[in-house]
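So you know, we letter chains A, B, ... as the sequences are listed, proteins then strands, and number each from 1. Every value quoted in this text rests on a predicted model; they were computed, and no experiment measured them.
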Amino acid sequence: MAMGALIQAASALAAVNIVFLVVLTAVWIRNYRTFQTTLVLGLIAFGVAMLVENAVAVYFFFSMQSFYSGDPHVQQAVLVLRAIQLVALAVLTWVTLR
Amino acid sequence: MTTATLDRGSTRRSASEDDGTLAWHTATAVLWHGLANRTTTTQMEKALWYLLTATRGGTNRARIIRSLSERPKNANQLAEELDVNYRTITHHIDILEEHNVVEPGGKDYGKLYFLTDQFEQHRDTFESILEAVD
């Protein structure tokens, strides 16, 4: 069965989120090497947890399509959630790289 | 006589009301001032934690602050001393200025940059952030 267009879009957004999170976590790991503060350790934990969250989301989109195929509203909701997270991570990445 | 007593009584009452109002205003002013001060102090501390440890440019910003602790310098001197691109230095200086960590000593090209009094009040935060660094 073909993957729904909305779920495909959600997977693409999750992939972009993963890119942001890899960049953020890399910056924080480098900073942890320098400063070794608990704050940065917390930021790394945050980044890793969000990475796992997005990876699990992509896994669900690909392996459990029967979950989403029945109801287009579910697909819309999933897409909206990924999009909002994308905005959040884009802003965080921007202020972190400045 | 009766009127006079009443008048005095009413005067006294209103005076004590004024005292009460004054005390109330003083209390709120003290509380408000305390809260406002608390906010500004933690703001500098938060700014330092964010600018130095949470962002990509943190290490260079820390080096700039450490170098300016010796004496005020301009962007060119900082670029040369820290062996960092001039434009990178001015970018970091702008961000440090935005967060009231440094301030320029003039308006001309080549102006010197100073650490602010606000920063100096929280130098211990800066030192504790740098504790683990060489």
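Across every non-hydrogen atom of A:Arg98 and B:Arg61, the tightest pair is O-NH2, 3.2 Å. Shortest non-hydrogen contact noted between A:Trp28 and B:Ala54 is NE1-O, 2.9 Å.
Neither A:Val80 nor A:Val74 shares a network with the other; the hydrophobic side chains, linked directly or stepwise wherever heavy atoms of I, L, V, M, F, W or Y lie under 4.5 Å apart, form separate groups for each. The hydrophobic cluster containing B:Tyr50 also contains A:Ile29, counting ILVMFWY residues as joined when their side-chain heavy atoms lie under 4.5 angstrom apart, directly or transitively. Cluster annotation: A:Met50 and A:Val19 are assigned to distinct hydrophobic clusters (Ile/Leu/Val/Met/Phe/Trp/Tyr, side-chain heavy-atom contacts under 4.5 Å, transitive). B:Leu112 and B:Val102 are assigned to two separate hydrophobic clusters, defined by single-linkage of ILVMFWY side chains at heavy-atom distances under 4.5 Å. Linking ILVMFWY side-chain heavy atoms closer than 4.5 Å, directly or via other members, places A:Ile44 and A:Leu97 in a single hydrophobic cluster.
Side-chain atoms of B:Trp49 never come within 3.5 Å of backbone atoms of A:Leu39 as a donor-acceptor pair (strictly under, hydrogens ignored). Using a distance-only test at 3.5 Å, with no hydrogens or angles considered, a donor-acceptor pair links the side chain of A:Asn31 to the main chain of B:Thr55.
Counting non-hydrogen atoms of other residues, nucleotides and ligands closer than 6.0 Å to CG of B:Asp124 gives a total above 12. Residue A:Tyr59 places its OH atom among 12 or fewer non-hydrogen atoms of other residues, nucleotides or ligands, all under 6.0 Å distant.
Using a 4.5 Å cut-off between heavy atoms, A:Val95 touches chain B through backbone and side chain atoms alike. Within the 4.5 angstrom heavy-atom criterion, only side-chain atoms of A:Leu43, from C-beta onward, approach chain B. Both the backbone and the side chain of B:Ile129 come within less than 4.5 Å of a heavy atom in chain A.
Considering CZ of A:Arg30 and CZ of B:Arg56, their distance stands at 8.0 Å, rounded to 0.5 Å. Rounding to the nearest 0.5 Å places CG of B:Leu52 at 11.0 Å from OG1 of A:Thr34.
For A:Arg33, the side-chain hydrogen bond (donor to acceptor under 3.5 Å, both in side chains) test picks out no residue, with sequence neighbours left out.
Contact of the A:Phe35 side chain with the B:Leu130 side chain is registered, since non-hydrogen atoms from C-beta on lie closer than 4.5 Å.
Of residues 70-81 of chain B, not one residue has a non-hydrogen atom less than 4.5 Å from any non-hydrogen atom of chain A.
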